[in-house]
Amino acid sequence: MGLGKPLLLQLNAFNTCSVVKSEAAAMRSKPNILITGTPGTGKTTTSSALAEATHLRHINIGDLVKDKKLHDGWDEELQCFIINEDLVCDELEDIMEEGGNIVDYHGCDFFPERWFDRVVVLQTENSVLYDRLVQRGYAGAKLRNNIECEIFQELLEEAKESYKEEIVVAMKSNTVEDMNKNVTVITQWVSSWVSAT
Ligand code: DAT
């Protein structure tokens, strides 16, 4: 299912010279990047390394929701806060307009499309992801749902439905080497973006 597509997108990730800016992007001097993917694919670890390499600001939406109480309470079944998407978007509007942000979240369809210059979807092999999620204490339906989410490439589909296909990039995140390579590739893209201003 769709094996050719992520490969094309992955190759596109190396094409760091072709930076085409949207009207909203022309207003900012640094880009906004969304790092998305199923829980456990490495969004937070990658975003944090990327923030260090690029000096962009890492915004972990899960932490923001908790710290600023941008939620509608606690979901006992899923064991997580029920995110209030409107409150999150209001909270981030000014900061995103300014640019220079790496947003880290396991969803992407409720952010305004104009916010992002690059959308990175991290992907991890099922067996590797399974071990990471078990390690994190996931079990039962929560574990099953997340593994299924990865098998069906739900985040990649969501990203392609929500953003222009040319800004969406799928990246493998199975090993530390993959992660280092991803950080290098995205850092090069940031440099190209900034110098194209
Ligand atoms: P996420 O933010 O997507 O939930 P994470 O960054 O918290 O994921 O990573 C989950 C765990 O997996 C954490 O212990 C770090 C490890 N990990 C993430 N990406 C990895 C990679 N590419 N190679 C090896 N370990 C990785």
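Just so you know, ligand 1 is whichever comes first in the structure, and atom 1 is the first atom listed for that ligand. In this text the structure is predicted, and so the values were computed from the model without any measurement. Positions are given from 1 along the sequence.
Ligand 1 has no N or O atom lying under 3.5 Å from any N or O atom of Met179, backbone or side chain. Ligand 1 has an N or O atom lying under 3.5 Å from an N or O atom of Arg136, backbone or side chain. Here's the thing with Gly42: one of its N/O atoms is less than 3.5 angstrom from an N/O atom of ligand 1. For a threshold of 3.5 Å applied to N or O pairs, the pair formed by Lys43 and ligand 1 contains at least one separation below that value.
By the definition of a contact as any protein heavy atom under 4.0 Å away, atom 4 (O) of ligand 1 is in contact.
Per-residue contacts place Val176 under 4.0 angstrom from the following atoms of ligand 1 (heavy atoms of the residue considered): 23 (N), 24 (C). Distances below 4.0 Å separate heavy atoms of Pro39 from the following atoms of ligand 1: 4 (O).
Between the side chains of Thr44 and Asp104, at least one donor N or O lies within less than 3.5 Å of an accepting N or O.
Atom 22 (N) of ligand 1 has its closest protein heavy atom at Thr175 O, 2.9 Å. The closest protein non-hydrogen atom to atom 9 (O) of ligand 1 is Thr45 OG1, 3.6 Å. Taking atom 25 (N) of ligand 1 as the reference point, the nearest protein heavy-atom neighbour is Arg132 NH2, 3.7 Å.
Of the inter-residue distances, the one linking Arg28 atom CZ with Trp115 atom CH2 reads 10.5 Å to the nearest 0.5 angstrom. Annotation: the span from Glu150 atom CD to Leu155 atom CG amounts to 7.5 Å, rounded to 0.5 Å.
Put simply, no part of Asp178 is less than 4.0 Å from ligand 1, judged by heavy atoms. For Gly37, the closest heavy-atom approach to ligand 1 does not fall below 4.0 Å.
With hydrogens and angles ignored, the 3.5 Å screen pairs no side-chain donor or acceptor of Asp117 with any backbone N or O of Ile33. A donor-acceptor pair under 3.5 Å is formed between the side chain of Thr124 and the backbone N or O of Ser173.
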Output side-chain donor-acceptor pairs under 3.5 Å for residues 84-92, partner residues at least two apart or in another chain, one line each.
unit_1, atom_1, unit_2, atom_2, d
Asn84, OD1, Asp86, N, 3.2
Asn84, OD1, Leu87, N, 3.1
Asn84, ND2, Asp72, OD1, 3.2
Glu91, OE2, Lys68, NZ, 3.3

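Just one residue in the list Lys43, Arg118, Met171 forms a side-chain contact (heavy atoms from CB on, under 4.5 Å) with Ile35, and that residue is Lys43.
Within the 4.0 Å heavy-atom criterion, neither part of Thr124 lies near ligand 1.
For Glu52, the salt bridge (charged side-chain N to carboxylate O under 4.0 Å, His left out) test picks out no residue, with sequence neighbours left out.
The side-chain heavy atoms of Val121 and Val168, taken from C-beta on, include a pair separated by under 4.5 Å.
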